[in-house]
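Below, read A as the first sequence line, B as the second, and so on, with proteins coming before strands; counting in each chain starts at 1.
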Amino acid sequence: MSTPSTYDIIVIGAGPAGQKAAVQGAKAGKRVALIERERGIGGSCVYRGTIPSKTLRESALQLDRLKRAGEVFQFSLKPDMHIATLLSRLEQVVQAHDSFMSQQLRRNGISLLHGRAHFLNDHTIEMQTVDGAQQQLTAGTIVVGTGSRPRSPQEIPVDHEHILDSDSLLSMMYLPQSLTVIGGGVIGCEYASIFALLGVEVTLIDRAPYPLQFMDRELVDQFVQGLEQCGSHYRGECQITQVRWDQVAHVLTTLHDGTVVKSEKMLVALGRQANIEDLGLEAAGVTVSDKGLIPVNQYCQTNIEHIYAVGDMVSGPALASKAMEQGRRAVRHALNLPVGDAASTIPLGIYTIPEMASIGLDEKSARERYKDPLIGRAKFEEVARAQISGASHGLLKMVADPDGDRLLGVQIVGDSATELVHLGQLALQSSATVESFIDNVFNFPTYAETYRIAALDILGQVAKRRAAKAA
Amino acid sequence: MPSDIQPAASQLEQLEQALVQKIKTGDVELPLLPQAASKVMALASDPNADAAKLSALIHQDQALAAHVLRIANSPAYMPRSPVVSLQHAVAMLGITLLSEIAFTASLKTGAFKVPGYEDDVKQLWRHSLASGAFAKEVARMRRVNVESAYLCGLLHAIGKPVVLRTATTLASQQRIALEKPVLSGWMAGYHTEVGSMIADKWGLPKQVAVAIQYYGDYDHATEFRQECLLTCVANRLASHLLTPDEMPEDTLRDHSVFAELNLYPQDIDTLLLTKDQVLTIVNAMNL
Ligand SMILES: Cc1cc2nc3c(=O)[nH]c(=O)nc-3n(C[C@H](O)[C@H](O)[C@H](O)COP(=O)(O)OP(=O)(O)OC[C@H]3O[C@@H](n4cnc5c(N)ncnc54)[C@H](O)[C@@H]3O)c2cc1C
């Protein structure tokens with residue numbers, strides 16, 4: 001074996017986390033190697049996650065718009081819609097993204113290496129290329145961002161044919177007539193609402209009484225209502241005792257109360273599992289938690305101080321946006337550059353239909369922290385923009401301190417929620433007052449107007465409180 | 001009947017040209033999608049299908065019924081007691097497998113027959129079945145849906161028996177004897193074009209049509225590249241399984257398609273471990 005190549009930083013995994021880590025290192029003038037086992041860069045975000053699911057979602061929304069316009073334009077859908085048709089733009093989107101990212105890596109002088117990496121010791125990585133050759137590399141700092149894959153619980157026989165996971169779901173040939181989705185987390189809910197809108201009868205099953213437990217209940221209620229309007233259902237507080245393919249035409253899901261849910265296909269969305277098995281972490285002395293994640297501190301340092309872990313392989317939320325921020329953060333820390341405190345203001349965006357977003361404190365956590373916070377509400381039906389788009393279901397909730405002065409958080413459900421939340425994010429970061437939303441002029445007609453309506457609602461409540469106190 | 005005399009090179013050239021001409025002008029007898037197969041396949045995609053309906057359908061086709069029972073009783077499925085009822089067989093084998101059985105059983109009859117070349121056709125079907133089974137394994141490894149992979153593998157060489165039939169018919173009309181290597185060369189050269197015509201006629205899904213056309217030339221596929229790569233790998237694995245002399249392990253591995261599909265040497269090892277299982281499936285069909 002030839003002598004190992006030496007770098008300042010080695011990054012394993014070219015998903016959003018690894019890429020940002022590599023770019024940050026190169027921008028600081030360091031020699032960086034980025035190792036990726038797949039041929040394309042971008043990780044599950046590009047190939048099996050964010051981008052494909054959002055492309056399918058966009059097609060579903062477009063079809064829905066066309067369907068609704070169908071009465072005017074005499075449009076009707078083909079009954080046996082191929083999934084591939086719905087994903088026809090995907091290849092273009094992925095290619096554009098891929099070439100943009102490769103250019104970015106090249107521009108920054110990063111060595112992009114194609115192979116599977118594992119630790120030989122805490123400073124040395126061995127990489128096997130796809131033709132079987134081996135290569136060794138060493139570095140002072142190593143960042144691991146090998147991401148995650150769908151978790152396959154032993155008791156559910158995922159065969160990628162009838163019982164699918166979020167990876168294989170996208171290469172399904174035809175739209176099934178019915179789909180059972182197990183797991184009321186982000187991925188389960190996103191796909192449940194996309195397929196429901198496409199006309200598939202979806203049954204979303206979870207143990208919890210309602211899905212997306214970490215989101216504001218009022219927002220989630222709107223999501224469940226949306227699902228039901230499409231003829232689909234949420235079944236909460238359900239334990240699954242058995243899942244099996246009946247060998248004929250259906251997947252049979254038996255619930256604890258004996259009910260059997262029958263569907264043509266099933267999506268298993270019961271969380272993700274970190275890709276750590278092949279990394280040889282023990283050779284580097286890196287600790288792994290019982291849950292199979294890598295414990296890290298606020299700078300993403302593992303127990304070995306020059307080895308960092310970022311993205312989906314450390315604890316949640318499993319979001320591309322969080323992964324990128326961690327990649328950047330880890331390398332800045334390693335290089336003694338100021339890290340900043342962005343972590344507290346990472347927004348959450350959930351691309352269900354309708355979509356949801358959240359920043360800062362929600363009503364429940366604000367009540368825990370402040371005795372009596374003020375909550376301003378603006379229904380989308382109150383703004384002209386939503387009426388024009390025919391998307392009048394939606395709600396923006398603004399959370400403020402009990403004096404109605406300081407903004408604490410914003411939660412939104414409805415069209416453009418994931419874009420709209422950034423206005424709240426900036427306001428939070430700059431410690432804007434609730435009043436400042438009234439002093440500003442917003443374009444008309446826009447969804448942003450809901451901020452003003454919610455702020456007015458809060459100020460109205462402040463006035464009432466004052467009046468009550470004075471009386 | 002073909003004569004025993006060796007044809008002159010020019011005769012062969014003329015014959016090949018006649019074959020090309022027939023393909024180009026679409027003057028090739030394309031098989032119909034076998035009736036029983038199309039019915040069973042339609043039922044397979046019917047959410048209201050049940051074992052009773054399916055067995056009723058199979059009852060109507062004596063040859064198919066016998067075939068299904070034989071497979072249900074074969075060692076591959078190891079029934080605890082002999083399967084004598086079709087309904088039991090249907091429940092045991094499952095609708096997907098039944099549509100495969102129906103399909104392959106029907107291929108043996110009628111349009112795909114090439115008199116005098118029964119063994120060659122049988123080898124082609126065995127290769128198709130093995131490719132389908134391997135395609136499923138590769139798809140599972142790449143975590144993509146196995147349904148489309150299976151169909152692409154099964155049908156990628158559907159043009160071959162038709163080329164064989166057309167070429168041998170032409171040859172017998174012109175009283176020319178054809179040797180195996182010549183026929184194999186023509187089948188290899190022209191089956192994708194004929195396969196595409198069949199895909200069109202049968203209204204096969206787009207990815208299957210693309211895989212038929214481009215599995216050997218995936219760089220030119222403008223869409224469904226993944227299906228083409230999977231099919232190419234499955235085809236090679238099937239050749240290695242059924243004709244190891246022509247496709248020894250070194251030759252099998254020595255192809256850029258594995259790297260294209262990002263299959264590392266260990267992944268190929270894992271795929272090769274499924275050889276016995278695939279062979280059992282192929283033998284169970286008892287073609
Ligand atoms: C269906 C779905 C929808 C999603 N939607 C959204 C969304 O809308 N918004 C959002 O923010 N997030 C979304 N996500 C989550 C997002 O995709 C992930 O959080 C993000 O991709 C995590 O990035 P990562 O860099 O940690 O890991 P990954 O993207 O998984 O990348 C890890 C990379 O490491 C490589 N690797 C693994 N092991 C090795 C090794 N030994 N050697 C070399 N390379 C290796 C892998 O091949 C991969 O390319 C979604 C995920 C899914 C599944």
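Only the backbone of A/D131 has a heavy atom closer than 4.5 Å to any heavy atom of chain B. Proximity to chain A involves both the backbone and the side chain of B/R142, based on heavy atoms less than 4.5 angstrom apart. Heavy-atom distances place both the backbone and the side chain of A/R37 under 4.5 Å from chain B. There is no contact between A/P176 and chain B, counting heavy-atom distances below 4.5 Å. With a threshold of 4.5 angstrom between heavy atoms, B/I268 does not approach chain A through any atom at all.
Between A/Q128 and B/Q266 the shortest side-chain heavy-atom distance falls below 4.5 Å. The shortest distance between side-chain heavy atoms of B/L261 and A/R39 does not fall below 4.5 Å. B/E260 is not listed as a side-chain neighbour of A/V130, based on a closest heavy-atom distance of 4.5 Å or more.
Salt bridge present: A/R116 and B/D267 bring a charged side-chain N and a carboxylate O closer than 4.0 Å.
Minimum heavy-atom separation, B/P265 to A/G132: CG-CA, 3.6 Å.
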Tabulate below the donor-acceptor pairs under 3.5 Å that side-chain atoms of residues 230-238 of chain B make, not counting sequence neighbours, or state none.
from	atom 1	to	atom 2	distance (Å)
B/T231	OG1	B/E227	O	2.6
B/N235	OD1	B/H127	NE2	2.6
B/N235	OD1	B/H156	NE2	3.3
B/R236	NE	B/L252	O	3.4
B/R236	NH2	B/T251	O	2.7

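Side chain of B/R143 to main chain of A/R149: no donor-acceptor pair is present (N/O by atom type, distance under 3.5 Å, no hydrogens or angles).
The line from CZ of B/R140 to CD of A/E161 is 6.0 Å long, rounded to the nearest 0.5 Å.
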